[in-house]
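Data first, discussion second: the structure below is written as structure tokens.
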Amino acid sequence: MELKKTAVVLLSGGLDSVTVLVYAKSLGYDCHTLSFDYGQRHQVELQAAQRLAITHGATTHRVMQMNMAAIGGSALTDLNIAVPVDGVDGTIPVTYVPARNTIFLSYALGLAEVVNAQAIFIGVNAVDYSGYPDCRPEYIAAFEALANLATKAAVEGQPIKIETPLINLSKAQIIKMGSRLGVDYAPTISCYQANEQGYACGVCDSCRLRRQGFLDAGLVDPTRYC
């Protein structure tokens, strides 16, 4: 009997991850979405992720609890480290969260085994997010190799693919792709320091990239800025 197409999709509540969810759905996957309450600066992205999962027909949605703030080392988990507002410069920025994608993918891998998923979709991008070492194609290839050595599913003949449909796209290309698939970006939260009402700061690196992406795509930016 042919297995139905099933995927785990990492869903942050941001622009990239909802594009990946809708793309995976367009390929015929039943999608189990996975978000993380990891000690980040705000909770509004998790609220957005919940709404997006429902809107776009996720089969299930889970929020995993962990305290990466206890480790710190990132402007996203340590309130004593300021979120940069001067733009990216090619170095690894302080918004990099140590080992985050490795931890997230590990949880996704566990869920993939439980729901018999053939794929894990993640919205990593090596073009706009300059300097993030866990967004590179070679990192994804290495994790996929690990996944298929370390799981019962793969050993028994069902390998798990790590899918990164956005990895070589610019922000404008991502926005155009999502728009073609019918994504409404207004409910998404990309800002590193959005307020409790979900309004974006407009000056952090993520806001700058998002704003420029809509401009380059020739589309109206629906983001609510402070």
Side-chain angles (χ1 to χ4, degrees), residues 6-25 29-79 95-125 129 132-135 139-140 142-144 146-154 158 160-166 187-194 196 198 206:
T6 303
V8 173
V9 180
L10 297 182
L11 185 65
S12 69
L15 183 156
D16 294 343
S17 66
V18 74
T19 303
V20 169
L21 170 59
V22 175
Y23 175 73
K25 291 282 292 184
Y29 283 95
D30 287 338
C31 295
H32 297 263
T33 50
L34 190 59
S35 299
F36 297 88
D37 185 353
Y38 63 92
Q40 61 267 56
R41 280 179 172 262
H42 58 72
Q43 296 287 301
V44 291
E45 68 179 43
L46 293 173
Q47 297 164 16
Q50 175 76 38
R51 292 191 295 269
L52 292 166
I54 293 170
T55 297
H56 295 290
T59 303
T60 64
H61 178 67
R62 293 170 172 82
V63 179
M64 306 305 299
Q65 304 286 331
M66 62 186 69
N67 185 19
M68 296 187 75
I71 298 173
S74 168
L76 300 191
T77 57
D78 186 341
L79 296 180
T95 50
Y96 163 70
V97 181
R100 182 177 63 177
N101 281 349
T102 301
I103 294 168
F104 286 4
L105 282 170
S106 296
Y107 273 85
L109 185 59
L111 179 58
E113 284 212 272
V114 170
V115 300
N116 295 316
Q118 300 88 43
I120 296 169
F121 283 78
I122 180 171
V124 293
N125 180 269
Y129 291 105
Y132 280 30
D134 54 1
C135 289
Y139 165 75
I140 296 298
F143 192 94
E144 183 177 281
L146 178 150
N148 288 308
L149 286 172
T151 54
K152 178 177 182 287
Q158 184 181 309
I160 298 171
K161 179 71 175 173
I162 311 297
E163 298 284 2
T164 58
L166 311 184
T188 63
I189 306 289
S190 299
C191 180
Y192 291 145
Q193 49 188 358
E196 292 182 359
S206 185

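Thr77 pairs by the side chain to side chain donor-acceptor pair (under 3.5 Å) definition with nothing, not counting sequence neighbours. Under the side-chain contact (heavy atoms from CB on, under 4.5 Å) criterion, Ala53 pairs with Leu11, Thr33, Ala58, His61, not counting sequence neighbours.
Counting heavy-atom neighbours within 6.0 Å of Tyr23 OH, excluding the residue itself, gives a total of 12 or less. More than 12 heavy atoms of other residues, nucleotides or ligands sit less than 6.0 Å from atom CD of Gln65.
With contacts defined as side-chain heavy-atom distances shorter than 4.5 Å, the pair Asp134/Val124 does not qualify. Leu76 places a side-chain heavy atom less than 4.5 Å from the side chain of Arg100. In this structure, the side chains of Lys161 and Gln118 stay at 4.5 Å or more apart for every pair of heavy atoms. Within the 4.5 Å cutoff, the side chain of Tyr139 has heavy atoms near those of the Leu105 side chain. With contacts defined as side-chain heavy-atom distances shorter than 4.5 Å, the pair Tyr107/Val8 does not qualify. Residues Ile122 and Leu10 are in side-chain contact: their nearest non-hydrogen atoms beyond the backbone lie under 4.5 Å apart.
Closest heavy-atom contact between Lys152 and Glu113: N-OE2, 3.0 Å. Scanning all heavy atoms of the two residues, the minimum distance from Ala48 to Ile189 falls at CB-CG1, 3.7 Å. The two atoms that bring Pro98 and Gly72 nearest to each other are CD-O, 4.0 Å, heavy atoms only. The nearest pair of heavy atoms linking Ile160 to Glu144 is O-CG, 3.7 Å. The shortest heavy-atom contact between Gly39 and Ala69 is O-CB, 3.9 Å. The nearest pair of heavy atoms linking Val20 to Gly123 is CG2-CA, 3.6 Å.
Leu34 CG to Arg62 CZ: the interatomic distance, rounded to the nearest 0.5 Å, is 8.0 Å. In this structure, the separation between CG on Asn125 and CG on Leu15 is 10.5 Å, given to the nearest 0.5 Å. Here Thr19 contributes atom OG1 and Leu52 contributes atom CG; the two are 10.0 Å apart, rounded to the nearest 0.5 Å. Remark: Ile120 CD1 to Ile140 CD1 distance equals 9.5 Å, nearest 0.5 Å.
Phe104 and Phe36 have parallel rings, their planes meeting at less than 30° on a 0 to 90° scale where 60° marks the start of perpendicular.
Proximity of a side-chain donor or acceptor of Arg51 to a complementary backbone N or O of Gly13 within less than 3.5 Å is not detected.
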- What do the steps show when you test Ser17 against Ser12 for side-chain hydrogen bond (donor to acceptor under 3.5 Å, both in side chains), and what is the final call? CA-CA 6 Å; Ser17 66; Ser12 69; 3.2 Å; yes

